[in-house]
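Structure, as structure tokens:
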Amino acid sequence: MKILVANLGSTSLKWRLFDFSNGQERMLHKGGYERVSDYPKAIDDCLGELTRGGHISGEKDLAAVGFKTVVARGVSGCVRLTEEVVKAMEAFNPIAPAHNPPYITGIRLFAQRMPSTPLVGLFETAFYQWAPEAGVRYAVPQAWYEAGVRRWGFHGASHKFIAERSAELLGRKDVATRARQLYVDGGTSPVQDPPLRVISCHLGGSSSITGILNGVAVGNSLGLSPQSGLPHNNRVGDLDSFAIPFVMRTLGLTLEEAERQLCKESGLKGISGVSNDIRDIQAAAAAGNARASLALDVFVHSARHWIGAYLAELNGADALVFTAGIGENRAELRAPICAGLDQLGIQLDPAANAALRATEGVISSPGSRVRVLVIPTNEELVVARETRRLLEKGGC
Ligand code: AMP
């Protein structure tokens, strides 16, 4: 069974092709295009590349196309992307203005191009379906809550991958199985004592931290929208809700302009004034740019804040995991995030930390109570696995 996972940006199309034949799980191909101006052509080119490369004999060879969809009104989990589901995504465009619209456009184009191939979405909110209610509720009027104003949590595919893989690396097959089965049985497969407590730090262009107990998320630093939690590349992160009416009144911004600035001119770019890429910001900081240094300090401060939140919620941790572009590659940021936490059982091995880049491994010192790990994430694999499961249970 071959499943294509398509990652849709406003001007990019990236993909990975998985094959689940003969009980195996193999990635056959990965590729993508940047600066896409003609999306239908990009889809054609992708299918052409896969066919010419001999990875598929034609598009009929694809059992489904899976998407890492973000958020929709009244829909979560792994579902067939019918027009009704796409409309439910559209209804939540204001919550994910940078993410939902390109997905909606791309999904509709895939549906036109491949009308008989099932299109499946694994929503980023799915991993948080079992988070405790007290942790997802904002103190807003009931009508706001009923309209959808609550903590949804995102990066679900990535944190779910970390839940499974960290449990495997720590020798907890029982917990890995629970995490793997989560969308099937809601986390009821048996686990032994002691509980496994993992804090997963997905640090990249978009960042979030989640607490995971026995393979099941207890919460995520992203709340109602992917504009919350830690500061992102150019999106704001946590902000007091009264800041928006305040700047509208005092700076004379329209709601649309305030929204644009929160999504495009804020985050690390907003503080540093340099770039939305941490590499440029680090270079500027090293050259003495004070705003660039401050952006890095704010990022580190915020990461520690959320790690602290989950240390309290989980009553400590067995593992602290770093993943995604920054988490996997930037030892210079992992070090200050973990600094001075020895009383909480976290002690980095500086040499191991400095040496580890984009590969799996342990970066804590042998005496550290909490194992600090780097695990490259694989969100597309999680999407492909869940898509396959939906097909097998006849959900398409
Ligand atoms: P992501 O959204 O996971 O692709 O992460 C993007 C962020 O991670 C950017 O700020 C990059 O500077 C950083 N990043 C991604 N890849 C690398 C790399 N190979 N080396 C250093 N930093 C990287």
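Bear in mind that the values here come from a model prediction, so they are computed numbers and not experimental data. Order of listing sets the numbers, starting from 1, for every ligand and every atom in it.
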Between Tyr128 and Phe154, is the gap from one ring center to the other below 6.0 Å?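 No, ring centres 6.0 Å or more apart.
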
State yes or no: are the ring centers of Trp15 and Phe67 separated by less than 6.0 Å?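 No: the rings miss the under 6.0 Å criterion.
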
- Per-atom contacts of ligand 1 with Gly205, taking only distances under 4.0 Å to non-hydrogen atoms: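 Counting atoms of ligand 1 from 1, those under 4.0 Å from Gly205 are 1 (P), 2 (O), 5 (O), 6 (C), 7 (C).
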
* Report, in ascending order of atom number, the atoms of ligand 1 lying under 4.0 Å from any heavy atom of Arg330. =>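 This gives 20 (N), 21 (C), 22 (N) as the contact atoms.
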
CA sep, side-chain torsions, deciding dist, call: Glu83, Arg108, salt bridge (Lys or Arg N to Asp or Glu O under 4.0 Å): CA-CA 8 Å; Glu83 183 54 27; Arg108 286 195 172 128; 2.7 Å; yes

Quiz prompt | Taking atom 11 (C) of ligand 1 as the reference point, the nearest protein heavy atom with its distance | solution =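 Among all protein heavy atoms, the one nearest atom 11 (C) of ligand 1 is Asp277 OD1, 3.5 Å.
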
Quick one: nearest non-hydrogen protein atom to atom 16 (N) of ligand 1, plus distance?
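Closest protein heavy atom to atom 16 (N) of ligand 1: Asn329 ND2, 3.5 Å.
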
Query raised in the report: Evaluating non-hydrogen atoms only, which member of Ala324, Ser158, Gly325 is closest to atom 8 (O) of ligand 1?
Result: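 Among Ala324, Ser158, Gly325, the closest heavy atom to atom 8 (O) of ligand 1 comes from Gly325.
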
Among Arg16, Lys30, Lys14, Glu379, which one satisfies side-chain contact (heavy atoms from CB on, under 4.5 Å) with Asn7?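 For Asn7, the side-chain contact (heavy atoms from CB on, under 4.5 Å) test succeeds with only one of Arg16, Lys30, Lys14, Glu379, which is Lys14.
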
- Is the shortest N/O to N/O distance between Ser206 and ligand 1 below 3.5 Å?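 Not met; the criterion fails.
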
**Asked** What part of Arg357 sits under 4.0 Å from ligand 1 if we count only heavy atoms: the side chain, the backbone, both or neither?
**Response**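 For Arg357, the contact with ligand 1 is made by the side chain alone.
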
Which is it for Ile278 and ligand 1 at heavy atoms under 4.0 Å: side chain, backbone, both or neither?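 Both backbone and side chain.
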
Practice prompt. Would you check if there is a donor-acceptor pair between the side chains of Ser365 and Asp349 at a distance under 3.5 Å?
Written response: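 No, Ser365 and Asp349 have no side-chain donor paired with an acceptor closer than 3.5 Å.
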
Arg260, CZ atom: more than 12 neighbouring heavy atoms under 6.0 Å: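 Correct, the count exceeds 12.
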
